[in-house]
There are 2 protein chains.
Amino acid sequence: MSNTTVDSYSISELAQEFGITTRTIRFYEDKGLLTPQRRGQTRVYTPEDRVRLKLILRGKRLGFSLDESREIIDMYDPAHGNVDQLKRLLDRIDAKRQQLRQQQRDIEKMLAQLDDATARTEAALKEHSN
Amino acid sequence: MSNTTVDSYSISELAQEFGITTRTIRFYEDKGLLTPQRRGQTRVYTPEDRVRLKLILRGKRLGFSLDESREIIDMYDPAHGNVDQLKRLLDRIDAKRQQLRQQQRDIEKMLAQLDDATARTEAALKEHSN
DNA sequence: GTTGACGTTTACGTTAACGTAAACGTCAAT
DNA sequence: ATTGACGTTTACGTTAACGTAAACGTCAAC
């Protein structure tokens, strides 16, 4: 279960923690979203790998594709060479921001709609108590 | 193009307005999300149909499946008979609310992450100006 | 009367994101 | 030495949400 190095994880540990299957984790690796090390054949995950996985799943909850999640994750690292690329990166970051703000507005409207639905349903319930 | 009744829409009008294809709209009908009337063979959409379509697309932007969107849309109508069903409906509405709140938190974190990415990228740009 | 623009149905194709199963290796425990 | 828990690779299957194309009807315009 627990390891000597303490801050490394097995594939099943991560799977259990996040409520996904090992198949899913290997699939993410296949798609280039994770690149764990190997102890022999066996995959060994660092805390950084774990964070990346967390980000992927967060993206999933927001309806992002794996490609989109990869893009967002890659935005965090500064390794992108020349000035032109950096400027384009800024644009892509901004685009994502706009998208997230749109989602915020969508959520607000849906929550309002749900409040409405609750009110209507409770009203219908009161009708039944007559 | 425009109709005599004014508040009815053709399939291509809706497609253009929302930036989707007619195929998509017919697909939604196939899945039971829309039930337009017919003038002969031709589909005729009411303003209510248009609203439903809008809700579907809003759900899409939030990563909802068509089934989920259908569920949310159906929550708005009070036609669901008995007390037990109404109480279960309230629970489902509440569950959706929780999910949306989770998405709100996810968005906040992602926006913070993007701010971080922007700062780092701009820092990298300043390096290049040396 | 044929050419477009628009509509229809039917049906096969495609992509993403895994599920599921087979077939195998490893290592500690019985 | 075999069982069980865990890991591996390879590969075919599945579902959702459409795309794409074929083949046809309709109706106004030239």
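In this text the structure is predicted, and so the values were computed from the model without any measurement.
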For this session: Using only side-chain N and O atoms of R39(A), determine if any of them is under 4.0 Å from OP1 or OP2 of dT26(C).
Result: no

Seminar exercise, completed: Counting only Watson-Crick and G-U wobble pairs with both atom distances below 3.5 Å, the stems of 3 or more consecutive pairs that include DNA chain C are C:1-30 with D:1-30

Problem set entry | Set of residues satisfying side-chain contact (heavy atoms from CB on, under 4.5 Å) with respect to Q104(A), sequence neighbours excluded | R101(A), I107(B), E108(B), L111(B)

For this session: Taking only heavy atoms on the protein side, list every residue of residues 57-72 of chain B lying under 4.0 Å from any atom of DNA chain D, sorted numerically.
Result: K60(B), S65(B), L66(B)

Problem set entry | salt bridge (Lys or Arg N to Asp or Glu O under 4.0 Å) involving D74(B) - partner list, sequence neighbours excluded | none

Problem set entry | Residues in salt bridge (Lys or Arg N to Asp or Glu O under 4.0 Å) contact with E17(A), at least two apart in sequence or another chain | R50(A)

For this session: Check the pair T118(A), T121(A) against side-chain hydrogen bond (donor to acceptor under 3.5 Å, both in side chains), reporting the backbone distance first and the verdict last.
Result: CA-CA 5 Å; T118(A) 296; T121(A) 306; over 6 Å; no

For this session: In whole angstrom, give the distance that lies between atom NZ of K31(A) and atom P of dA17(C).
Result: 8 Å

Exercise. Can you check the Q16(A) CD to dA5(D) C1' distance for me, whole Å?
Worked result: 13 Å

For this session: Using the salt bridge (charged side-chain N to carboxylate O under 4.0 Å, His left out) rule, collect all pairs that involve residues 21-33 of chain B, keeping only residues at least two apart or in two chains.
Result: E29(B)-R38(B), E29(B)-R43(B)

Exercise. Taking only residues two or more places apart in sequence or in another chain, which ones pass side-chain contact (heavy atoms from CB on, under 4.5 Å) with D115(B)?
Worked result: R97(A)

Exercise. Does R43(A) make a side-chain N or O approach to OP1 or OP2 of dT8(D) shorter than 4.0 Å?
Worked result: yes

Exercise. Roughly how many Å is it from CZ in F18(B) to C1' in dC18(D), rounded to a whole number?
Worked result: 18 Å

Going by atom type alone, with no hydrogens or angles, which donor-acceptor pairs under 3.5 Å involve a side-chain atom of residues 89-96 of chain A and a protein atom two or more places apart or on another chain?
unit_1, atom_1, unit_2, atom_2, d
R92(A), NE, E71(A), OE2, 2.8
K96(A), NZ, E68(A), OE2, 3.3
K96(A), NZ, Q99(A), OE1, 3.0

For this session: Please state how far atom CD1 in I11(A) lies from atom C1' in dT26(C), giving the value in whole angstrom units.
Result: 16 Å

Problem set entry | T42(B) side chain near dC6(C) phosphate (N/O to OP1/OP2, under 4.0 Å) | no

Seminar exercise, completed: In whole angstroms, the gap separating P of dA16(C) from CG of D30(A) amounts to 13 Å

Seminar exercise, completed: Residues in residues 21-29 of chain B with a heavy atom under 4.0 Å of DNA chain D, by number, are T21(B), R23(B), T24(B), F27(B), Y28(B)

Exercise. When the distance from CD1 of I20(B) to P of dG19(D) is rounded to whole Å, what number comes out?
Worked result: 9 Å

Exercise. Of all residues at least two apart in sequence or in a different chain, which pass the salt bridge (Lys or Arg N to Asp or Glu O under 4.0 Å) check with R52(A)?
Worked result: none

For this session: Starting at atom CD1 of I56(B), determine the distance to atom C1' of dA16(D), rounded to an integer number of angstrom.
Result: 15 Å

Exercise. CD of Q85(B): more than 12 outside heavy atoms within 6.0 angstrom?
Worked result: yes

Exercise. Partners of V51(A) by side-chain contact (heavy atoms from CB on, under 4.5 Å), sequence neighbours excluded?
Worked result: L55(A)

For this session: Return the set of residues passing side-chain contact (heavy atoms from CB on, under 4.5 Å) with R61(A) (not counting sequence neighbours), or none when no residue passes.
Result: L57(A), R58(A), Q102(B), D106(B)

